[in-house]
Amino acid sequence: MSTTFWITIAAAIATYLTRVGGHLVISRFERIHPRVEAGLNAVPAAVLTTLVAPAVLGAGPAEWAALIVAALVALRGGLLSMFLAGAAVLIVARQFTV
Amino acid sequence: MSIEAVTRRSQSGAFWRGARLSLPVIIASGPFSMLFGAIAVDNGFSVFDAFFMSATVYGGASQMVGIELFGHQVAPWLIVLSIFAVNFRHVLYSAAVGRHLAHWPVLQQAAAYFLLTDPQYALTESEGQKGKVSFTWYMGAALSVYVSWIILTALGAFFGKLIPDTKALGIDFLLPIYFLGLVMDFRKRPLWLPIVAVSAVASILAYKFVGSPWHVSLGALAGIALAVILPPHHSGVVPIEDETEMEKLP
């Protein structure tokens, strides 16, 4: 087997450890402290925000317009409609700014 | 109709309900999957290598980083470490999502954690707010993305040269739009806005001064720290009875 194959296997194991590791650590505790629970409740907003924020800063008017429209649609509609609205605005706005 | 038939029908209903929720995920991640396949072959991977990486690592951003390093002839351990660093945020997902999966048999949990991506985590948290998360629903949402991800990787590897101008089509910015949608999905949670604000500022600062991919973990930890430091009732958590006196102070 090639080096690429073994590197991929090692990377896959390392990745699986990140996906199962948090649960294995937390499940060792019999009772979850309220502050830990408060922290866990904050995970979705905290982590997902970091996947957006730096991209917003490095973007231009077309991307900002797409995000603003998508955010407004998200207040009313579901995930699919907000996503399609944002993508549509992005594609149209890019025709003028790229 | 027998009870068994009813159960089977509601199970397949749950599977397809999960799969339908994943439709935006498939649209948003599909182009990246193909792009990964194309770049991988460009960097000397065989079609099988690219397919195999998508099927086993199954994490878009980390695969892109991995492929980039392969192209630069970096030491193998450094490639693995970099992929680990990019995927480190999953530790937080894993710790938080365990509450919703703990009632399943261990093998089902083990399979579920393998498929725990960013959108899968977000969808599962939303589902958990509404009631119990079923294994069938989870697999409906997760497997539809997984299968499309590995098939599109192979297609991208085969037909990489045919991929059109990705910038004009806006493909490079689809994921931030999608992730914004996931952030918005949790806006009803206590402390949502303060957490988002703190994580946003912290991740931008970390991006500038520490560098990628650490801005993800550092930015997230800042937002989580805010929720931990504030008294738990701000987060909608009922304090346990036998707290120490220190913690009862305002």
Side-chain angles (χ1 to χ4, degrees), chain A residues 2-12 14-27 31 33-57 59 63 66-67 70-71 74-75 79-80 82-83 86-87 90-91 94-95 98, chain B residues 23-24 28 49 52-53 56-57 59 62 66 76 79-80 83-84 87-92 94-96 98 113-114 116 122 125 167-170 173-174 176-186 189 192 195-196 199-200 203-204 207 215-216 219-220 223-224 227-228 232 235 237 239-240:
Chain A
S2 65
T3 325
T4 307
F5 179 84
W6 292 113
I7 294 176
T8 303
I9 294 276
T15 300
Y16 188 70
L17 288 179
T18 67
R19 286 186 168 137
V20 78
H23 168 65
L24 292 181
V25 171
I26 287 283
S27 64
R31 198 178 51 189
H33 191 278
R35 284 182 193 271
V36 176
E37 194 181 341
L40 294 178
N41 287 339
V43 167
V47 185
L48 296 166
T49 297
T50 68
L51 302 179
V52 185
V56 175
L57 203 69
E63 291 78 20
L67 287 175
L75 291 175
L79 201 52
L80 184 58
M82 86 67 88
F83 174 70
L90 180 66
I91 291 171
R94 282 251 172 111
Q95 309 309 313
V98 174
Chain B
L23 193 59
D49 287 339
F52 187 66
M53 196 178 195
T56 55
V57 176
S62 70
I79 298 177
V80 176
I83 289 175
F84 180 75
N87 284 327
F88 191 73
R89 66 187 185 283
H90 293 103
V91 170
L92 299 169
S94 163
Y113 283 110
F114 176 73
L116 186 64
E125 278 279 356
K167 191 151 167 57
L169 289 173
F173 208 70
L174 287 185
I177 293 175
Y178 179 72
F179 285 132
L180 176 70
L182 293 182
V183 174
M184 297 290 291
D185 233 21
F186 292 96
R189 282 211 176 166
W192 179 79
I195 292 168
V196 167
S199 291
S203 67
I204 288 169
Y207 189 78
H215 68 283
V216 175
I224 293 166
V228 172
S235 303
V237 176
I240 39 179

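Below, read A as the first sequence line, B as the second, and so on, with proteins coming before strands; counting in each chain starts at 1.
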Trainee: So how far is it from A/His23 NE2 to B/Leu116 CG, rounded to the nearest 0.5 Å?
Mentor: 11.0 Å
Trainee: Do A/His33 and B/Pro232 come close enough that some side-chain heavy atom pair is under 4.5 Å?
Mentor: no
Trainee: I need the residue from B/Ala96, B/Gly223, B/Ala122, B/Gly59 with the largest number of non-hydrogen atom pairs under 4.5 Å to chain A.
Mentor: B/Ala96
Trainee: So which of B/Leu23, B/Ile79, B/Leu92 has the biggest tally of heavy-atom pairs under 4.5 Å with chain A?
Mentor: B/Leu92
Trainee: For B/Phe52, does the CZ atom sit with more than 12 other heavy atoms under 6.0 Å from it, leaving out its own atoms?
Mentor: yes
Trainee: Any side-chain donor-acceptor pair under 3.5 Å between B/Ser235 and A/Asn41?
Mentor: no
Trainee: Given side chains that start at C-beta, do those of B/Val80 and A/Ile7 come closer than 4.5 Å, heavy atoms only?
Mentor: yes
Trainee: Could you walk me through whether A/Thr18 and B/Asn87 pass the side chain to side chain donor-acceptor pair (under 3.5 Å) check?
Mentor: CA-CA 7 Å; A/Thr18 67; B/Asn87 284 327; 5.5 Å; no
Trainee: Counting only non-hydrogen atoms closer than 4.5 Å, does B/Leu174 touch chain A with its backbone (N, CA, C, O), its side chain (CB onward), both, or neither?
Mentor: both
Trainee: Measure distances from B/Met184 to the heavy atoms of chain A and classify the residue's part below 4.5 Å as side chain, backbone, both or neither.
Mentor: side chain
Trainee: Taking side chain as everything from C-beta outward and backbone as N, CA, C, O, which of these in A/Ser27 sits under 4.5 Å from a heavy atom of chain B? Side chain, backbone, both or neither.
Mentor: neither
Trainee: Over all heavy atoms of both residues, which pair between B/Ile224 and A/Ala46 is shortest? Give the atoms and the distance, please.
Mentor: CG1-CB, 3.9 Å
Trainee: Given A/Thr8 and B/Asp49, is the side-chain contact (heavy atoms from CB on, under 4.5 Å) satisfied, shown in steps?
Mentor: CA-CA 8 Å; A/Thr8 303; B/Asp49 287 339; over 6 Å; no
Trainee: Between A/Val20, A/Leu17, A/Ile91, A/Ile9, which shows the greatest number of heavy-atom pairs under 4.5 Å with chain B?
Mentor: A/Val20
Trainee: Would you mind telling me which of A/Ala70, A/Ala59, A/Ala71, A/Gly21 has the largest number of heavy-atom pairs within less than 4.5 Å of chain B?
Mentor: A/Ala71
Trainee: Select, from A/Leu67, A/Ile26, A/Val25, A/Leu24, the one with the greatest count of heavy-atom pairs under 4.5 Å involving chain B.
Mentor: A/Leu67
Trainee: Is it the side chain or the backbone of B/Phe186 that comes within 4.5 Å of chain A heavy atoms, both, or neither?
Mentor: side chain
Trainee: Please find the pair of heavy atoms, one from A/Ala11 and one from B/Ile83, that lie closest to each other, and give the distance.
Mentor: CB-CD1, 3.6 Å
Trainee: Output the distance between atom CD1 (B/Ile177) and atom CZ (A/Phe83), rounded to the nearest 0.5 Å.
Mentor: 6.5 Å
Trainee: Report the C-alpha separation of A/Tyr16 and B/Tyr113 in whole Å, then their side-chain angles, then the decisive distance to 0.1 Å, and conclude whether the ring pair (Phe, Tyr, Trp, His ring centres under 6.0 Å) test is met.
Mentor: CA-CA 7 Å; A/Tyr16 188 70; B/Tyr113 283 110; 7.7 Å; no
Trainee: OG1/A/Thr49 to CH2/B/Trp192 distance, rounded to the nearest 0.5 angstrom?
Mentor: 7.5 Å
Trainee: I'd like to know which of B/Ser94, B/Ala220, B/Gly219 tops the heavy-atom pair count under 4.5 Å against chain A.
Mentor: B/Ser94
Trainee: How far does OH of B/Tyr178 sit from CE of A/Met82, to the nearest 0.5 angstrom?
Mentor: 9.5 Å
Trainee: Side chain of A/Arg35, backbone of B/Val228: donor and acceptor closer than 3.5 Å?
Mentor: yes
Trainee: Do you know which of A/Val52, A/Leu90, A/Val43, A/Leu80 has the most heavy-atom pairs with chain B at a distance under 4.5 angstrom?
Mentor: A/Val43
Trainee: Would you mind telling me which of A/Ala38, A/Ala55, A/Ala10 has the largest number of heavy-atom pairs within less than 4.5 Å of chain B?
Mentor: A/Ala38
Trainee: Quick one: are B/Tyr207 and A/Leu57 in side-chain contact, heavy atoms under 4.5 Å?
Mentor: no
Trainee: Would you give the length of the straight line joining atom CG of A/Leu48 to atom CD1 of B/Ile195, rounded to the nearest 0.5 angstrom?
Mentor: 12.0 Å
Trainee: Could you give me the CA-CA distance, side-chain angles and deciding distance for A/Leu51 and B/Arg89, then say whether side-chain contact (heavy atoms from CB on, under 4.5 Å) is met?
Mentor: CA-CA 10 Å; A/Leu51 302 179; B/Arg89 66 187 185 283; 4.3 Å; yes
